[in-house]
Asker: 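Below you'll find the structure I mean.
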Protein chains: 2
Amino acid sequence: MAADAVAPDTAAHEAWSLMGRLFMDMRPRMLRVASEFGLSPPQLIALKTLDPAEPVPMSGLAQALQCDNSNVTGLVDGLAAQGLVERREAEHDRRVRMLVVTERGAAVRARLVEVMAQLPSELAALSAADQRALRDVLRRALG
Amino acid sequence: MAADAVAPDTAAHEAWSLMGRLFMDMRPRMLRVASEFGLSPPQLIALKTLDPAEPVPMSGLAQALQCDNSNVTGLVDGLAAQGLVERREAEHDRRVRMLVVTERGAAVRARLVEVMAQLPSELAALSAADQRALRDVLRRALG
DNA sequence: TGGCAATGGTTGACACACTCAACTAGTCGT
DNA sequence: ACGACTAGTTGAGTGTGTCAACCATTGCCA
C-alpha cells in the first residue's frame with residue numbers, strides 16, 4: 001500500500017524491509033496456532049518463552065516479555081487455569097514464585113514450538129547454498 | 001530463556017531464528033517512536049500503512065492490517081482526531097470513505113517512516129559485501 | 001535486635017485493541 | 001422496484017497492558 005516499505009536506499013535497508021515482509025506473513029500463522037491450542041497470542045508467547053527444564057520467577061518472565069509484573073500475573077493465571085504451568089514457592093525467598101511448566105504444558109509447548117518454527121515458504125524454497133549464505137551473514141551480524 | 005529459540009536443525013531454521021532476534025530488538029524502538037508522536041502502536045502502523053499519495057477506502061486499510069473493518073473505524077477516529085487523516089467521500093460510491101492523509105499527517109508519517117527504517121545496529125555493522133549478499137538472497141526468496 | 005528501605009507479586013482501576021453481531025445507507029442485478 | 005449484497009458504524013464483550021496502591025518478605029544497618 002505505502003510504497004516506501006519497499007523503497008530503501010541501501011542494500012541493507014532493502015534487506016531489512018524484505019525481512020519485514022517475512023514477518024508479516026508470520027502473523028496469521030501465529031494466530032492460527034494460538035486459537036488451535038486455545039491460547040491467546042500473549043499466552044502462547046509466554047508459554048513459548050518459558051523453559052520446561054528450568055523454572056523462572058514471575059519477574060524473570062516479565063523481563064523476558066518486556067512487560068509489567070502485573071501483566072504476567074494475568075497471563076500465568078490463564079496458563080495455570082489450563083494446567084500448563086504451576087506456581088511453586090522458591091526455597092530461599094518466600095516472596096518469589098517459580099514458574100514450572102507442567103508435563104501437559106511441556107507437551108503443548110513442544111507441539112507449539114514445532115509449528116512456530118516452520119519456515120516461511122519463501123525461505124524453505126531457497127537453495128541449500130542460499131540458506132547457508134543467509135545463516136552465515138546473520139551469524140556474523142548477531143555474533 | 002528457552003533454549004530452542006536458538007537451536008534449529010538446518011541452516012534456514014537458524015537464519016530464521018536469528019531474524020527473529022532482530023525483530024525482537026525492534027519492538028522497544030517502535031514503542032518509543034509511537035509515544036513520541038502521541039500515537040498508539042496500532043495507530044502508528046495504520047498511519048505508516050497509508051499512502052499519502054493515494055487514498056484508500058477503510059476496507060482497504062482493514063485488509064492491509066488484517067483486521068476487522070470495525071477496528072479501523074476506531075483507529076481512524078483517533079488519527080482523524082489529531083488531524084492526521086481525513087475521511088472523504090468517494091465519487092462513484094457514496095458508501096465508501098476514502099482515507100486521505102492530511103499535510104500534517106504526511107509530515108508526521110515521513111518522520112515516523114524515517115525513524116522506523118533505521119537499521120538495527122547489528123545489520124548496520126555488516127560489511128557492504130555482507131549487506132549486498134543478504135539483500136540478494138532475500139530478493140531471490142521474495143521474488 | 002529492631003526498624004526501615006527495597007523487592008516480588010497481587011489487586012483494582014483504567015485505556016485500548018480487537019472481534020462479532022446487528023444495523024444503516026447505498027449499490028446493483030434482474 | 002424488489003431483494004441480495006457491500007462499506008462502514010455502533011455496541012457488547014473479551015483480553016492485553018500500564019500504573020498506583022498494597023502485602024509479605026527480605027536484607028541492611030544503626
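Below, chain A is the first sequence line, B the second, and so on; all start at residue 1. In what follows, every heavy atom counts, from backbone to side chain, and hydrogens, waters and symmetry copies are set aside.
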Asker: Using whole Å, report how far CE of B:M30 lies from C1' of D:dG17.
Answerer: 13 Å
Asker: What pair of heavy atoms forms the shortest contact from A:W16 to B:M116, and how long is it?
Answerer: NE1-O, 4.3 Å
Asker: Please answer whether the main-chain N or O of A:L126 pairs with a side-chain N or O of A:Q131 as donor and acceptor at a distance below 3.5 Å.
Answerer: yes
Asker: Can you measure A:L65 atom CG to D:dT18 atom P for me and round it to whole angstrom units?
Answerer: 10 Å
Asker: Atom CD of A:E91 to atom C1' of D:dT26: distance rounded to whole Å?
Answerer: 16 Å
Asker: Is the number of heavy atoms from other residues, nucleotides or ligands within 6.0 Å of CD (A:E103) greater than 12?
Answerer: no
Asker: Between B:R109 and B:K48 (side chain of the first, backbone of the second, donor and acceptor by atom type, cut-off under 3.5 Å), is there such a pair?
Answerer: yes
Asker: Quick check against the 3.5 Å criterion: does A:R132 have a side-chain atom that pairs as donor or acceptor with the backbone of B:A12?
Answerer: no
Asker: Please report the distance, rounded to the nearest Å, between CG in A:L61 and P in C:dT10.
Answerer: 11 Å
Asker: What one-letter contact string describes nucleotides 5-16 of chain D from 5' to 3', where B marks a base within less than 4.0 Å of any protein heavy atom, S marks contact via sugar-phosphate atoms alone, and - marks no contact?
Answerer: -BSSBB-----S
Asker: Strictly distance-based, threshold 3.5 Å: is any side-chain N or O of A:R32 a donor or acceptor partner for the main-chain N or O of A:R27?
Answerer: no
